[in-house]
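Quick notes on the structure that follows.
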Amino acid sequence: MEKPRAGVEINRSKLKEISEVSIDTSKPCEERVRDFIKQIGDPYHYLDHGVVVSVGFAKDAPSLQERLAAFAAMHTDQEIIGSRNLLTSDGK
């Protein structure tokens, strides 16, 4: 068992490798998310090329919307479009 942070025990043998997840980018976003979760199991704990990844959220941290608004305010539209194209093969 590995303990990535206090109070959380992770059984490495039960984690899925994210590099083995396949996403059909022709599907709508909601279906992609469902497919991802179905394949990866626990989206908060997985392996990335053998490294245990444990995702968590701070109680007092800014919301995702606030972080995205700050990101957008710091970058030009072209920079954001370039970043978006890195996320998926079709830019969606």
Side-chain angles (χ1 to χ4, degrees):
M1 296 273 181
E2 297 189 26
K3 290 186 176 184
R5 45 177 212 256
V8 177
E9 287 192 18
I10 303 298
N11 186 341
R12 183 184 188 86
S13 67
K14 293 186 179 183
L15 299 179
K16 304 280 177 71
E17 178 63 53
I18 198 163
S19 63
E20 295 173 6
V21 172
S22 175
I23 302 297
D24 182 351
T25 58
S26 68
K27 291 182 177 180
C29 185
E30 295 80 14
E31 286 185 50
R32 292 183 202 182
V33 171
R34 281 193 295 271
D35 289 349
F36 172 77
I37 292 172
K38 190 177 195 178
Q39 291 179 59
I40 201 74
D42 180 355
Y44 298 100
H45 304 98
Y46 57 89
L47 296 173
D48 186 355
H49 295 89
V51 176
V52 174
V53 176
S54 182
V55 178
F57 299 92
K59 292 179 182 177
D60 298 330
S63 70
L64 176 59
Q65 291 82 0
E66 291 168 330
R67 292 208 184 253
L68 290 173
F71 174 80
M74 292 179 357
H75 300 325
T76 67
D77 288 343
Q78 193 59 42
E79 289 172 329
I80 293 171
I81 290 168
S83 297
R84 183 175 172 212
N85 288 337
L86 293 175
L87 296 176
T88 62
S89 60
D90 64 356
K92 293 184 180 176

Just do the side chain to side chain contact (heavy atoms under 4.5 Å, CB included) check on Val53 and Leu47 with the steps written out, would you?
CA-CA 6 Å; Val53 176; Leu47 296 173; over 6 Å; no
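- Distance check, rounded to the nearest 0.5 Å: CG of Asp35 to CG of Asp24 gives 7.5 Å.
- In terms of heavy-atom proximity, Gln39 sits nearest to Ile23 at NE2-CD1, 4.4 Å.
- Taken from NZ in Lys16 to NE2 in His45, the straight-line distance is 14.5 Å, to the nearest 0.5 Å.
- Annotation: side chain to side chain contact (heavy atoms under 4.5 Å, CB included) contacts of Ala61 (sequence neighbours excluded): Ala58, Arg67.
- The nearest pair of heavy atoms linking Ile37 to Pro43 is CG1-CG, 4.2 Å.
- Using a 4.5 Å heavy-atom threshold, the side chains of Leu15 and Ile10 count as touching.
- Counting only heavy atoms from C-beta outward, the side chains of Ile18 and His49 never approach each other to under 4.5 Å.
- Grouping the Ile, Leu, Val, Met, Phe, Trp and Tyr side chains by contacts below 4.5 angstrom, directly or via other members, places Ile40 apart from Val51.
- With hydrogens and angles ignored, the 3.5 Å screen pairs no side-chain donor or acceptor of Glu20 with any backbone N or O of Glu17.
- Under the 3.5 Å distance criterion, the side-chain polar atoms of Arg32 are left unmatched by any main-chain donor or acceptor of Ser26.
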